[in-house]
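Have a look at the structure below, then the notes.
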Amino acid sequence: MQELINAVSLGCIYMLFAMGMSLVWGTLDVLNFAHGSIFMFSAFSGFYLMQETGNSLPLAALLLVGVVVGALMSVLAYQLVLRPILRRAKDKDSAERQILIGGIGLAGIPVAIVQIQTLSNPFSFRAGSFEVASYDFLGARISNIQIVIWVVGVLLGTAVVLWLRRSRSGLALRSIGVDSEVASLMGIDQGRLGVAAMAVAGGMAGLSGALLCVSFGALTAESGDVLLLKAFAIIILGGVGSMLGTIIGAFFLAGAETLLIANTSGTWVDAVSFGLLFLVLLVRPQGILGRQEVRRT
Amino acid sequence: MNKNLLRSAGIVGATLMTASGLASCGGSGGGSAAATGDCESGLPDTIKIVTVKDQTGVAAYTGTEAWRGIQLAADEINSGDMLDGSKLEVEVKDTAGDVQTAASHVTQAAADSSVSAILGPVLSDQALAVAPIAGKSEVPVVYTQAGSEGIVDEDWNFRATPPLVTYYPKIGQYLEKQGATSVNTVFAADIPTLEQLSHDVLPSVGEDSGFQVGEQVATQSTTQDYAGPVNKAIADDPDALGLLMVGAQISSAMQAVIQSGYQGEVVSYPNAAPAVAEIGKAAAGVTWPTNFDSSIDTPEVKAFDEAYTEAYDGTATNYAAEGYDSLMWVAKAIEEEGCATRDAIKTGLEKVGQAGFTGTQGELTFEANGHDARSDGYVVQWDGEKIVVLEQ
Amino acid sequence: MTQHTVPPTVAEPASALVLDARDVAIHFGGVKAVDGVTMEIAEGKIFGLLGPNGSGKSTILAGITRLVPLKSGSLTFDGRPYDDVPTFKLARWGMARTFQTVRLLGDLTVEQNILLGADVGRSSGVSRRAAATERKECVADVIDRTGLAKFVKWTPSELSYGVQRRVEIARAIVMQPRLLLLDEPVAGMTKSEKLEIAALLSDLRAQGLTQLLVEHDVQMMVDTCDHLYAMNFGKLIGEGVPADVVKTPAVQEAYMGKGWRADA
Amino acid sequence: MSAWYDAHLILVQATFISFLVALSIQFPMRMGVFSFAGVANYALGAYTAAIVVVRSDEIVSPVVSVGAGVLVAVVVSLILALIVRRLRGLYLAMATISVSLIVQVIAFNGGELTGGASGMFGVISDLTIGSVIVVCVVAAGILTWTERGTLGRRIDAVRDDPELAVSMGINVNRYRLVAFVGSGVFGSLAGGLEVLLRSTISPVNVGFSLVVTALTIIIVGGYRSWVGAAIGAVIVTWLPFYLQAMERYQQVIYGLFVVVAAIFVPGGLLGIADQARRRLVRRQLEHEDQEAAAEQDAGGAAVVDAVGASRKEEAR
């Protein structure tokens, strides 16, 4: 029971982080390697604000700061770096490469800034007015922050899936992911939609950054890196372009990790979870829910 | 990325010395100039010492703190005229958390014949890369932290910080007093020192102090969510729980312990200090052995803490204390030999080491022919507001 | 020089047919893209495959070149069955093709693109050096005959569409193929460009090159081909003398009179 | 010179090793194989060489220890190539990153054999920087051969359009196999030589950051030729060193540099040189065209027409 609670919480965390990355990857062809830095820097902004103003901000305010900073950074990254790269690239492969390297370069900047600011010490929201407390629940323990993560995870997960499936802008966005040429023929303004998608992705990264800073107790400048690699794995596992796939991938990885820690020596966790990913790819080269490319010549 | 995390982990790299019998690969390519000249003419006006420590990057806090301590020591040596009119000129080079950069700086300093000695990096992986260079180019290097095996095996390499595993057994007295009979641990398995603490040191301490080490939950430097590992470790409700990981992980692990409602003893190691201070009251009772704390009541610590507070605000850290002791050791070596060539400093360091001296880390003795520091250490506890010394 | 484009006789063909595709079916999931098509391509003629968009023309080409697997049916090239022969080997046997879209390598010059075809390694020469010389002559000859001499040092992006397509055909010809498959070689071209290509193909036929031409320009098919297959919804809907085939009701209906009457 | 060389020895060594590491990812990339197995091969090469040196009682020649690593890496690469033959693009990238991470975890858990978390030290050998340079020069020579003439064209086709390539009689699968083997050779050479130069290796040294470094080298320098890898290796190794003057902000500057390179120099620095060369050739051609048009009669006019048409095409 306790394992289940832990696995679901971890799954929600992975999901919140990976969904934004998946959204822009599946629709705009942007594999944003700066996503982890945006996540970290958003949380750091909350910490910095508290430290500078001497205020003990409530959780809601910290989350809001996270969302705003994340969305802003993400949009800036898109407009200043990623979009120019896309516009200049001569084919899809070279765009993929340049986006990757541009993201890596971008990612280093906030990390370096926070390292300078904190001297690489962990930072936390402990000065905030939010107290972590835990309750007995069906013979296991669950904390208030876990509950917040569950609620936010379920709400946002559903919202994004519904947005893409139902709303006009969501559908337009999906059509860019399927065929951007056709989409532009249909009169879809890719620039504005791209900005919207990047803002949503960054906002989710920032939100998860703030939530995780509370849930994990503290973050460091490098905290985003580990999650980035995991999110990469999760999205590939689920299949690029499928939101539902990303959600499944997140819970799959969280479940596998939690089970492994509970039942084996923890030193093999990464090997086994990446080994599983490897096996899934061998059986389904396009990921669990990935689009099979049918190419007619 | 991964590497960065692991590097930040390397800070704790203190390790039990094992005589592995590796021959030093010391060549015979020594330089020939000021720092390597003769001793006839006594001490030069200035003696150049290069510090190679992280000022930026993943382990910036260790290197910047050590550099503060070193500067305090230099001021004291120069203003107190300890070296008979001769001044120490210390210079810092940033390794930026990178092994290659560290090795490169040491190579450059070694090639510069005006450099008499080098204060080496804090991270074990950097130190391991530097050690053979020191041996080959015959320049004395004094490390702080950097507790991995194999570093001071090489001639010309010295370590001013007692490895964590050598004073950690002190925790046994505390656990015995608390009547603990069962201890479980959560540890970062990819950090050699912490793995050793959990697998070797604690169990052997337990044999004398009447406790058994049961469940040992291995985690990795990439682990972020500690709910699972902590729950596994407290499943059989042990009397004490050892938390042995680094940086933000230690905060996460303590957070998980608090959420789990665990009521037993929590023991850790010096890295816990900033984390418990952050958590505050909820972390009251966390206990660990250490080689330095600013609240320790010795004249050396008092004086050092005062000087530190005056220069930088805040209280002195163990990294700063270690940096201070390392330069003091070098100064004593120069004083002992009355000469500042590399050869003389090496001989002096060995002589001072074999005799031992009292520094900010208490009474230091040295093993491995005067190359490797040892101290008894202290046991300290976070009482919810401040750190108090339990065993002195 | 022209004799270079006549493929050297490798062995006495067991059958007069260069390509024999029998009851070929290709399915994508549940979609029957090609459903039981039989084609017999005889030596030295231009065969046409006509059909509206989505009728399965390109798919059957992909099947013939073994880029997609067959659901059922059999394939024979020069009397040799090749149901499990990979595409690259087929190319070495002498099956060359062009694609529906321009597939030139953008980083290479025109000359280098054409040389790619000459590299195929179907050398008949005795020594490597002799083969290399022969190859060089062949490339020079082909460049000359396709009127590309002016463009050899250019890169594809600097060329007009019509010239790009000619480079592709040239690249296929230097492979010295026994059978040339052309997938809509004149799509999107001006009338004069189309005529140029048609003349080139007829010229190649005169030298004995067997061709299968996939198009939906009805006029060109009638003018150029010796034998015509018509396809719709993955099935053959007619075959025979081109002028007759395009007049059958089934073909007329498939095309709804469009291209044919407009061009006629 | 010698004093400078002594002081910068580590950076000189690092430049050559980075070059080999970059090749282990660039070589498959040139064949359209987006594989990061080079890092796994680096680890295999380094650990095998270290184990051979440390376990044997006598002094082992670098040829034997590094050679053993290359052998192991090539065998593993061949097996890997067969297993992942259905994967393409970023899916292949992820699968090979997984393999690299698994190799790293195995190194962590290798106990006595690999030295566990502390890794191995005291890997003493008589390897000199001269031998490393020889290896790099030989590698560059072989790669030059693969970048020219028939083979060069075929590799371009295999990367840019595999379907076209098979239609031109090229055995694409065999090229993919060679891509993996090449990655194995270059990666394990880098690892083996590095461990002998530095005398230590630990799991920390074979992580994901190596992927990032190699990728940065390739993109900054240019991915189409070993020359790009060489340029990138020099920049990525030496730039941080010269940025030290920026003190605390060096990492920020470095990040900005990579970003600017990604936006404005898509073909890497080598790409800029290529473009310049091409522009020169084109200008020459145009010049010739004009002369031809002036001199010739009707036949020449047709050509000018065609040129005009293509110019319009370009302008679009």
Legend entry - Heavy atoms from other residues, nucleotides or ligands near CZ of D/Arg88 exceed 12 (cutoff 6.0 Å): yes

Legend entry - Most contacts with chain D, counted as non-hydrogen pairs under 4.5 angstrom, among A/Val81, A/Leu100, A/Ile101: A/Ile101

Inset, instruction - Quick one: pull up OH in D/Tyr91 and CG in A/Leu237 and give me the separation to the nearest 0.5 Å. - result: 10.5 Å

Legend entry - A/Leu282 portion near chain D, given a 4.5 angstrom heavy-atom threshold: both

Inset, instruction - Quick one: pull up CG in D/Leu87 and CD in A/Gln286 and give me the separation to the nearest 0.5 Å. - result: 8.5 Å

Inset, instruction - Quick one: closest heavy-atom pair of A/Ala271 and D/Ile102, and the distance? - result: O-CG1, 3.7 Å

Legend entry - D/Ile219 portion near chain A, given a 4.5 angstrom heavy-atom threshold: side chain

Let me have the donor-acceptor pairs involving side chains of residues 255-270 of chain D, under 3.5 Å, with sequence neighbours excluded, atom names and distances please.
none

Inset, instruction - Please report the C-alpha distance between A/Phe278 and D/Ile83 in whole Å, then the side-chain angles of each, then the deciding distance to 0.1 Å, and finally whether the side-chain contact (heavy atoms from CB on, under 4.5 Å) criterion is met. - result: CA-CA 10 Å; A/Phe278 186 75; D/Ile83 295 176; 4.0 Å; yes

Legend entry - A/Tyr48 atom OH, over 12 foreign heavy atoms within 6.0 Å: no

Legend entry - Gap separating the CG atom of A/Leu281 from the CZ atom of D/Arg86, nearest 0.5 angstrom: 10.5 Å

Inset, instruction - Counting only heavy atoms closer than 4.5 Å, note whether D/Leu90 contacts chain A via side chain, backbone, both or neither. - result: both

Legend entry - Per-residue contact mode, A/Leu82 against chain D (heavy atom under 4.5 angstrom): neither

Legend entry - Interchain contact, A/Leu31 with chain D, by part (heavy-atom threshold 4.5 Å): side chain

Inset, instruction - First locate atom CZ of A/Phe274, then atom CG of D/Leu101, and finally report the distance between them rounded to the nearest 0.5 Å. - result: 5.0 Å

Inset, instruction - Quick one: pull up CG in A/Leu276 and OG in D/Ser98 and give me the separation to the nearest 0.5 Å. - result: 10.0 Å

Inset, instruction - Let me know if D/Ile97 has heavy atoms under 4.5 Å from chain A in its side chain, its backbone, both or neither. - result: side chain

Inset, instruction - Can you run down the ring-ring contact (aromatic ring centres under 6.0 Å, His included) pairs that involve residues 21-42 of chain D, sequence neighbours left out, and say none if there aren't any? - result: D/Phe27-D/Phe186, D/Phe34-D/Phe36

Legend entry - Which of A/Ile109, A/Val272, A/Val269 touches chain D most, by non-hydrogen pairs under 4.5 Å: A/Ile109

Legend entry - Separation between CG of D/Leu215 and CD1 of A/Ile104, rounded to the nearest 0.5 Å: 5.0 Å

